[in-house]
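The block underneath contains the structure these notes are about, expressed in structure tokens.
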Protein chains: 2
Amino acid sequence: MTKPIPVCKIGIVHKDKVKSAQSAIKNEHNILEASEIFKILSDPTRLKIVMALAKEELCVCDIAALLNLTESAISHQLRLLKNSRIVKHRRDGKMAYYTLDDEHIEDLIKAALQHTTE
Amino acid sequence: MTKPIPVCKIGIVHKDKVKSAQSAIKNEHNILEASEIFKILSDPTRLKIVMALAKEELCVCDIAALLNLTESAISHQLRLLKNSRIVKHRRDGKMAYYTLDDEHIEDLIKAALQHTTE
DNA sequence: TTAACGATTGAGCAATTGTTCAACTGAATG
DNA sequence: CATTCAGTTGAACAATTGCTCAATCGTTAA
């Protein structure tokens with residue numbers, strides 16, 4: 001904080017409104033975490049992966065075939081999804097099977113899809 | 001479509017599961033629109049703007065003061081939010097007052113915040 | 001008309017992103 | 001053991017992003 005605060009030339013704006021709005025965004029930490037989730041789901045490839053895993057448990061190879069991308073590309077994205085605790089995986093021999101690790105994510109996606117169809 | 005489809009060397013993976021997952025992501029258009037909304041909300045500055053506007057009608061100057069950024073930076077972000085029909089504005093003299101243009105967005109943000117606090 | 005000011009716009013830049021490529025790991029098979 | 005192959009990883013690259021700076025627009029007031 002305490003940086004070179006920019007304000008309209010005259011000085012004060014709408015003090016009361018700004019103060020009220022301030023209270024709506026005071027929890028910086030939570031906001032950053034929320035934006036992180038949005039960022040994860042903002043890439044079409046990752047969003048498709050999540051939606052696919054919401055329906056079926058799949059191996060890396062399955063997802064690569066499904067999305068027509070290399071296993072490497074999928075693996076990179078799965079790592080991000082895993083770091084965000086959105087997916088988890090189990091190993092079975094050479095294969096790695098991925099599933100969703102968070103049921104709330106489905107509601108989030110449903111809410112976003114609802115916005116698109118209005 | 002019809003690109004150099006990559007699949008595990010052996011050939012077939014889990015046909016039935018892939019086919020089932022395919023149905024979950026068949027509506028490409030909707031998925032792209034959903035990811036667009038997520039992308040808009042994935043930037044902390046934009047997310048704060050939206051959360052602030054969910055509580056109060058504010059002018060560009062107010063938001064700049066609130067977030068400690070230049071009016072230019074805010075204006076650029078507001079244009080993106082306006083293009084996505086998430087905010088709207090009214091003019092009053094020199095000032096431009098912004099408000100939310102979509103009540104569903106608040107639910108979306110609430111859902112994301114819920115994910116962070118579990 | 002002129003000056004002031006809130007707001008907008010475009011160029012430019014550093015930082016971040018998603019993919020490919022190549023090398024590598026680790027488990028299963030011969 | 002050596003080979004095979006699903007999966008992972010890191011480097012590199014183009015493309016995108018969010019901000020600053022400077023110029024400009026549009027409205028208000030002198």
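Lettering follows sequence order; numbering is per chain, from 1. This structure is a prediction, so every number in the text was calculated from the model and none was measured.
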Please determine if a side-chain N or O atom of [X] lies less than 4.0 Å away from the OP1 or OP2 oxygen of [N].
X	N	value
B:Arg91	D:dT27	no
B:Thr70	D:dT20	yes
A:Lys39	D:dT17	no
A:Gln77	C:dT19	yes
A:Tyr98	D:dA6	no

Nearest to the side chain of [X] - [options]?
X	options	result
B:Leu69	D:dT20, D:dT8, C:dT19	D:dT20
B:Ser72	D:dT8, C:dT8, C:dA11	C:dT8
B:Val60	C:dT8, D:dT8, C:dG26	C:dT8
A:His76	C:dT20, C:dA7, D:dG7	C:dT20
A:Lys94	D:dA6, C:dC5, D:dG18	D:dA6
A:Arg79	C:dT8, D:dT9, D:dG18	D:dT9

Whole-Å distance between [N] [atom2] and [X] [atom1]?
X	N	atom1	atom2	answer
B:Ile49	D:dG18	CD1	P	11 Å
A:His14	C:dG6	NE2	P	11 Å
A:Leu58	D:dA6	CG	C1'	15 Å
B:Leu81	D:dT17	CG	P	14 Å
B:Asn68	D:dC19	CG	C1'	14 Å
B:Glu71	C:dT8	CD	C1'	10 Å
A:Asp92	D:dA6	CG	C1'	12 Å
A:Leu80	C:dT17	CG	P	9 Å

So, do [X] and [Y] sit near enough that their side-chain heavy atoms are less than 4.5 Å apart?
X	Y	result
B:Tyr97	B:Leu58	no
A:His89	A:Thr99	no
A:His14	B:Met95	yes

(request) Could you point out which residue of A:Ile86, A:Asn83, A:Ile49 forms a side chain to side chain contact (heavy atoms under 4.5 Å, CB included) with A:Leu78? (result)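 That would be A:Ile49.
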
(message) Within a 6.0 Å radius of atom NZ on A:Lys82, are there more than 12 heavy atoms belonging to other residues, nucleotides or ligands?
(response)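 Yes, because the 6.0 Å sphere around NZ of A:Lys82 holds more than 12 heavy atoms from other groups.
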
(request) With heavy atoms under 4.0 Å as the rule, sort A:Ala73 into base, sugar-phosphate or nothing. (result)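 Since a base atom lies under 4.0 Å of A:Ala73, the category is base.
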
(request) Look at all strands and tell whether B:Lys82 reaches a base, only sugar-phosphate, or nothing, counting heavy atoms closer than 4.0 Å. (result)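 Result for B:Lys82 = nothing.
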
(message) If you compare all heavy atoms of A:Lys48 against all heavy atoms of B:Ile25, which two are closest, and at what distance to 0.1 Å?
(response)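 Heavy-atom minimum between the residues: O-CG2, 3.6 Å.
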
(request) Identify, between B:Ala96 and A:Thr45, the residue whose nearest nucleotide on DNA chain C lies closer to the 5' end. (result)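 Whichever sits nearer the 5' end wins; that is B:Ala96.
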
